[in-house]
Amino acid sequence: MKNASRRQVLQGAIASAIIIGFNPAMRSWVTSASAASEFESLPPLDGILYTDSATRNAAADDFGHLVRRYPSAVLKPGSVEDIVRIVRFARSHKLKVAARGQAHSTYGQPLIEAGIVIDMSSLDTIHTMNAEGAEVDAGVLWSQLLLASLERQLTPPVLTDYIELSVGGTLAVGGIGGRSHRYGVQVDNVLSLQVVTGAGNLETCSRSQNRDLFEAVLAGLGQCGIIVRATVRLIPSAQNSRVFLLFYNDLAALTHDQRWLIAQKRFDYVEGQVVPDASGGWRYMLEAASFYTPPDEPDNSSLLAGLSYTQGTQQIEDKSYFDFANRLAPTVAFLKESGVWFYPHPWLDLFVPATAVDRFVGEIVSDLTLADTGQGPVLLYPVPTDRLRLPLFRVPDEAVVFLFAILRTAPPDASAIAKMLADNRTFFERNRDTGGYRYPIDAVPFSQADWRQHFYPVWGRLVSAKRRYDPDNLLTPSQGIF
Ligand SMILES: Cc1cc2nc3c(=O)[nH]c(=O)nc-3n(C[C@H](O)[C@H](O)[C@H](O)COP(=O)(O)OP(=O)(O)OC[C@H]3O[C@@H](n4cnc5c(N)ncnc54)[C@H](O)[C@@H]3O)c2cc1C
């Protein structure tokens, strides 16, 4: 037994009695206490398979709190071999399997009804690190990796806005952030992977080895394999960040400046938001950062030259590199304390073609109210597509695209949630009809026909990878793709 402690073993045993097998006729787990009937023995595990209701309940929900799916068991693996054993066991008994990172999805993506959830958080070791990259378990959090890499003045090139997400969880979807205009998304910064396929094989893959598996798993929404380890790129890190918040009254002026800045690579980090103004309407904020190590310092006047923000509104602040990367921590602590963090989150995340962004976002914002967002942030920032190299990370076919995200918080009220989900669908369709895509971490009702369209023209590749690597369609059913 590697990672599970004696105490965990005891807790598992007390909670559920030890699971010793599966009764295929009854489709139920067999414990040491209920072993009267015929059953297939569970392979020996380094970790624990839980079937108690508290553990299954905890695995039945995600950050969206919009969908509940109740698994029949939850594996807390003690080793990669446990994942191989359980996937093979599940395959032979036609049980579905889904990996769960931090479950920060918003529409049930990591959940599973009556199948096995593999809770990746029990595998969270950073195995090796050097100037090129770090080899980490998929359950490692980006915050954990960042803290360790900063000890060597290194950083992952791209971090998400919130860094308490698992490496496996963001690599399954993409992983975008304010440095994506320079380095692509997180999946573009992976050197190699270890994957347990739906066939139950442990495989290593990279650009030069098993490339079809590598490209089927990165941003592959958990369809072909479970990422168990990743070697992710690291680059030298500066010590500090100078952060600029610049305010605009005009949307087109904001997107113009954002595009100009990313073309010039003037800042290290560029994002933006639609923010409430004092009169109950909206204004626009450009958020940019320049990273530096003293005695070098950024030159504010050349960084700000030629930008058309409303003069006098700028806010400029210096922070350590880590504090900037971890900037959401105080807000999250506040939201947890107030309980709002645990409200439903019918998020909408879209990639909008740059040619359509001003009209598309302008129309939505003209009708948007604080009741529609629940005071959640509305993100708007550009990404050049020549940095994006993974086929399953789907974005519009233009040189620059914008991430437009309404990160809604809903009151616990079914009709308010239903309206937000319906609006999400309407906005998704409107964007799709001008060549836009969805970033599928969000909450948009989606059919299999939608998925085929989402992945076109690489749909055929995904289907053949699925046939090859997950022939019995075991993995991650809640995405609703197959
Ligand atoms: C507050 C907050 C801020 C966020 N900010 C950003 C951001 O700035 N940029 C961004 O890109 N995203 C952002 N996200 C979205 C986030 O990246 C995704 O929801 C991501 O999938 C969450 O990681 P997780 O570990 O919670 O994965 P989970 O939600 O647990 O899993 C996501 C999907 O991947 C599958 N999966 C999980 N682990 C693995 C694995 N090891 N192998 C294969 N499949 C796996 C799951 O089955 C599920 O289908 C944010 C989310 C939240 C809640």
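Because the structure is predicted, anything quoted here is derived from the model rather than measured. Each ligand, and each atom within it, is numbered from 1 in the order the structure gives. Nothing fancy with the numbering, it's 1 onward along the sequence.
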Taking non-hydrogen atoms only, is [X] closer than 4.0 angstrom to ligand 1 via side chain, backbone, both or neither?
| X | value |
| --- | --- |
| Ile441 | side chain |
| Ala138 | side chain |
| Gln186 | neither |
| Trp341 | side chain |

I'd like the name of whichever of [options] reaches closest to [atom] through any heavy atom.
| atom | options | answer |
| --- | --- | --- |
| atom 13 (C) of ligand 1 | Asp161, Val332, Val196, Leu165 | Leu165 |
| atom 25 (O) of ligand 1 | Gly64, Gly175, Ser166, Gly139 | Ser166 |
| atom 27 (O) of ligand 1 | Ser121, Gly169, Gly108 | Gly169 |
| atom 51 (C) of ligand 1 | Phe63, Tyr162, Trp347 | Trp347 |

Test: [X] cationic atom under 6.0 Å from [Y] six-membered ring centre, within 45° of axis:
| X | Y | result |
| --- | --- | --- |
| Arg327 | Phe324 | yes |
| Lys76 | Tyr50 | yes |
| Arg438 | Phe446 | yes |
| Arg179 | Tyr269 | no |

Residues, nucleotides or ligands: over 12 heavy atoms within 6.0 Å of Arg27 CZ: yes
More than 12 foreign heavy atoms under 6.0 Å from CG of Asp386: is that the case here? yes
Closest non-hydrogen protein atom to [atom], residue and atom name please, with distance?
| atom | answer |
| --- | --- |
| atom 34 (O) of ligand 1 | Ala172 CB, 3.4 Å |
| atom 9 (N) of ligand 1 | Ile176 O, 2.8 Å |
| atom 6 (C) of ligand 1 | Thr160 CB, 3.9 Å |
| atom 24 (P) of ligand 1 | Gln102 N, 3.4 Å |
| atom 42 (N) of ligand 1 | Ile227 N, 2.9 Å |
| atom 26 (O) of ligand 1 | His104 N, 2.7 Å |
| atom 29 (O) of ligand 1 | Ser105 OG, 2.5 Å |
| atom 46 (C) of ligand 1 | Ala99 O, 3.1 Å |

is_close_aromatic([X], [Y]), centroid dist under 6.0 Å:
| X | Y | answer |
| --- | --- | --- |
| Trp347 | Tyr107 | no |
| Phe291 | Tyr321 | yes |
| Trp142 | Phe322 | no |
| His104 | Tyr162 | yes |
| Phe427 | Phe360 | no |

I'd like to check which ligand 1 atoms, numbered from 1 as shown, lie under 4.0 Å from a non-hydrogen atom of [X].
| X | answer |
| --- | --- |
| Gly225 | 43 (C) |
| Tyr439 | 10 (C), 11 (O), 12 (N) |
| Gly101 | 25 (O), 28 (P), 30 (O), 37 (C), 38 (N) |

Please test Phe351 against Tyr439 for ring pair (Phe, Tyr, Trp, His ring centres under 6.0 Å), starting from the C-alpha separation and ending with a verdict. CA-CA 7 Å; Phe351 286 110; Tyr439 183 27; 5.6 Å; yes
With nothing but distance in play, are any N or O atoms of [X] less than 3.5 Å from an N or O of ligand 1?
| X | answer |
| --- | --- |
| Gly177 | no |
| Ala103 | yes |
| Gly222 | no |
| Arg100 | no |
| Thr476 | no |

Candidate pair Arg461 and Glu215, rule salt bridge (Lys or Arg N to Asp or Glu O under 4.0 Å), full reasoning: CA-CA 10 Å; Arg461 268 170 86 166; Glu215 294 190 340; 2.5 Å; yes
Checking Glu81 against Arg85 for the salt bridge (Lys or Arg N to Asp or Glu O under 4.0 Å) test, could you report, in this order, the C-alpha distance in whole Å, the side-chain angles of both residues, the deciding distance, and whether it holds? CA-CA 6 Å; Glu81 292 70 38; Arg85 291 175 190 127; 5.5 Å; no
Parallel, tilted or perpendicular for His454 and Tyr437, by the 30°/60° rule? perpendicular
Tell me, please: is Ile226 in heavy-atom contact with ligand 1, that is, under 4.0 Å? yes
